[in-house]
Amino acid sequence: MLTRRIIPCLDVKDNRVVKGVNFLNLRDAGDPVELGARYSDEGADELVFLDITATIRLRKTIVELVEKVAENVFIPFTVGGGIQTVEQMDELLRSGAEKVSVNTAAVANPDLLAEAAQRFGNQCVVLAIDARRSKDRPGKWQVCIKAGSEPTDIDVVEWAIRGEELGAGEILLTSMDADGTKAGYDNELNKAVTDAVNIPVIASGGAGTLEHLYDAIVDGGADAVLMASITHFENYTIMQMKEYLRDRGIPMNL
Amino acid sequence: MIVVIDYNVGNVKSVCNAFKHIGCESKLSKEAGTIENASGIVLPGVAAFGYAINALGPLAELIREFALNGKPLLGICVGYQMLFESSSEYGRHKGLGLVSGNVGPIPPGRVIPHMGWNLVELPEDMDLFAGLGNQKHFYFAHSFCADVKDAGAKIAYTDYGFELAASIQKANIYGTQFHPEKSGKAGLKILQNFYDICKRGAP
């Protein structure tokens, strides 16, 4: 049986891992290669590296970092942040990333998803969605772009469905409202999206306790759970998370 | 020397990194002379099938001959799928035809792609799994899968609501649908086993 995945997320800014609250107030969390290798050794199922400065400063994506990580980490990892073209994706995949994630560029040019899927296969193409609860439309979420700084009128559930149709092989769904708060994932959001699509969904934003992980999988229907604050600052080890979930009946790779 | 086929698709370097990590020498190459003289070759691949087989171009025939000469060949992911006769991913494409069977979409009714770590039952008589016990988790990421029709192929399965062929061995031809280079310690052991197979010559 396919196991549920534990995915530490490394937000990288100027070659350091950082972590904020609601995308702001960043705190240093260490060296990305060292931290990635440590999580891999500790039993993480996968890693996500997000270059969080790339979009805003139009900085080139983190090819060198990907190469270094790939020399030291032998589990899959996804890279995202500022990717705009299929050529950039190709460079990252060839440098050792297993998957690439796109957000802003896919909103600007949805065909990018289709083009990437036909070239790399859809399993390589992750659609990252930064979701914020809509103030005007209760029970709805709006897609935000440019590292969360710019809200759009696009509905998150509709965009997820469209992304799947275009060729995305996975959705990395981040609740901006919950991000960094450690108050739990937004499982209404997770459920709305996992019910609407047939591709795997990674729940992101809000993990604070082991129970939160369980809730995202059981109530939110998430195929994988992503976390940052609670692993970087060593509240819980990967093993503690996996054992807890396994003991509550969730299939885990242990 | 193991040669990893360099053909302009993703993850070729990851396979070399993994060999290097376990102290096994490998070389990334697309040169006919280098490939012909290899002790074994790895055909990796993160790509759509059609893109991959086109990118392989004339190397396809070279790899076929290498395998038909009895030397060890390991196909990974789309490299594994290319061992078969054909695939229906984004169109209709011919494969290397080294193993009977075809590649088609994973049957609907489950989350697709099949993405993540799944438990593979490891038959005792498959060389790649030496020293790994009866079952292990490996990392999968694919939307298409092989329907293996070859009576001469041994098959290891994983359960994804149906029996999914996770790995095959047909004499000197090996393949894994999952990614050993991204499957942690168990995956590295598979690459070590393939290295050992190449060192002692094909079975």
Side-chain angles (χ1 to χ4, degrees), chain A residues 1-7 40-41 43-47 66-78 89-100 114 116-126 164 167-170 194 197-202 221 223-224 251-254, chain B residues 6 8-18 20-22 28 45-52 54-55 77-78 81 89-91 108-119 136-144 158-161 164 178-188 191:
Chain A
M1 189 190 276
L2 190 66
T3 63
R4 303 293 171 137
R5 288 170 281 156
I6 300 286
I7 309 181
S40 170
D41 290 344
D45 293 310
E46 213 170 306
L47 300 172
V66 169
E67 284 174 349
K68 270 190 224 152
V69 171
E71 284 167 13
N72 292 284
V73 168
F74 300 97
I75 58 172
F77 64 95
T78 300
M89 293 180 185
D90 186 46
E91 192 177 14
L92 291 165
L93 294 171
R94 282 205 264 163
S95 302
E98 188 73 17
K99 299 181 256 188
V100 285
Q118 284 183 34
R119 175 142 170 199
F120 310 118
N122 64 353
Q123 80 291 334
C124 276
V125 184
V126 181
E164 177 178 12
E170 189 164 55
T194 55
V197 299
N198 195 42
I199 52 179
V201 175
I202 304 169
D223 298 274
M252 286 280 132
N253 171 19
L254 265 170
Chain B
D6 183 11
N8 202 30
V9 299
N11 108 323
V12 292
K13 213 190 270 174
S14 302
V15 176
C16 293
N17 284 339
K20 191 175 168 196
H21 187 75
I22 56 176
L28 195 59
V46 169
F49 192 102
Y51 184 89
N54 286 331
C77 196
V78 89
Q81 294 181 356
E89 185 178 10
Y90 292 115
R110 66 209 84 232
V111 172
I112 297 171
H114 177 220
M115 177 101 72
W117 298 75
N118 208 336
L119 195 61
K136 278 282 178 300
H137 286 97
F138 294 101
Y139 182 80
F140 291 81
H142 61 119
S143 304
F144 285 70
T158 190
D159 176 9
Y160 196 43
L164 189 156
F178 55 82
H179 287 278
E181 79 283 10
K182 296 280 183 179
S183 290
K185 288 192 189 82
L188 293 174
L191 294 177

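Naming: A, B, ... by sequence-line order, numbering from 1 per chain. Note that this is a predicted model, so its numbers are computed, not measured.
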In terms of heavy-atom pairs under 4.5 Å with chain B, the winner among A/Arg5, A/Arg119, A/Met1 is A/Arg119

Who wins among B/Gly45, B/Ala47, B/Pro108 for the most heavy-atom pairs under 4.5 Å with chain A?
B/Ala47

Counting heavy-atom pairs under 4.5 Å to chain A, which of B/Gly184, B/Gly91, B/Ala52 comes out on top?
B/Gly184

Can you see which heavy atom on B/Ile112 is nearest to which on A/Ile199, and at what distance?
O-CG2, 3.1 Å

Mind ranking A/Ser95, A/Ala117, A/Gly43 by heavy-atom pairs under 4.5 Å with chain B and telling me who comes out on top?
A/Ala117

So what's closer than 4.5 Å to chain A heavy atoms on B/Val111: side chain, backbone, both or neither?
both

Contact between A/Glu46 and B/Tyr139 at the side-chain level, heavy atoms closer than 4.5 Å - yes or no?
yes

Is it the backbone or the side chain of B/Ser183 that comes under 4.5 Å from a heavy atom of chain A, or both, or neither?
backbone

Among B/Cys16, B/Ala18, B/Ser14, the residue with the most heavy-atom pairs under 4.5 Å to chain A is B/Ala18

With a 3.5 Å cut-off and sequence neighbours excluded, list the donor-acceptor pairs that the side chains of residues 66-77 of chain A form with protein atoms.
unit_1	atom_1	unit_2	atom_2	d
A/Glu67	OE2	B/Lys13	NZ	3.4
A/Asn72	ND2	A/Lys68	O	2.8

Let me know if A/Met252 has heavy atoms under 4.5 Å from chain B in its side chain, its backbone, both or neither.
backbone

Do you know which two heavy atoms are closest between A/Leu2 and B/Gly116, and how far apart they sit?
CD1-C, 3.7 Å

Contact winner vs chain A - B/Met115, B/Arg110, B/Lys20, heavy-atom pairs under 4.5 Å
B/Met115

Residues two or more places apart in sequence or in another chain: which of them pass side chain to side chain contact (heavy atoms under 4.5 Å, CB included) with A/Asn253?
A/Thr3, A/Asp45, A/Lys242, B/Trp117, B/His137

Write down the atom of A/Gly96, the atom of B/Lys182, and the distance for their closest heavy-atom approach.
O-NZ, 2.8 Å

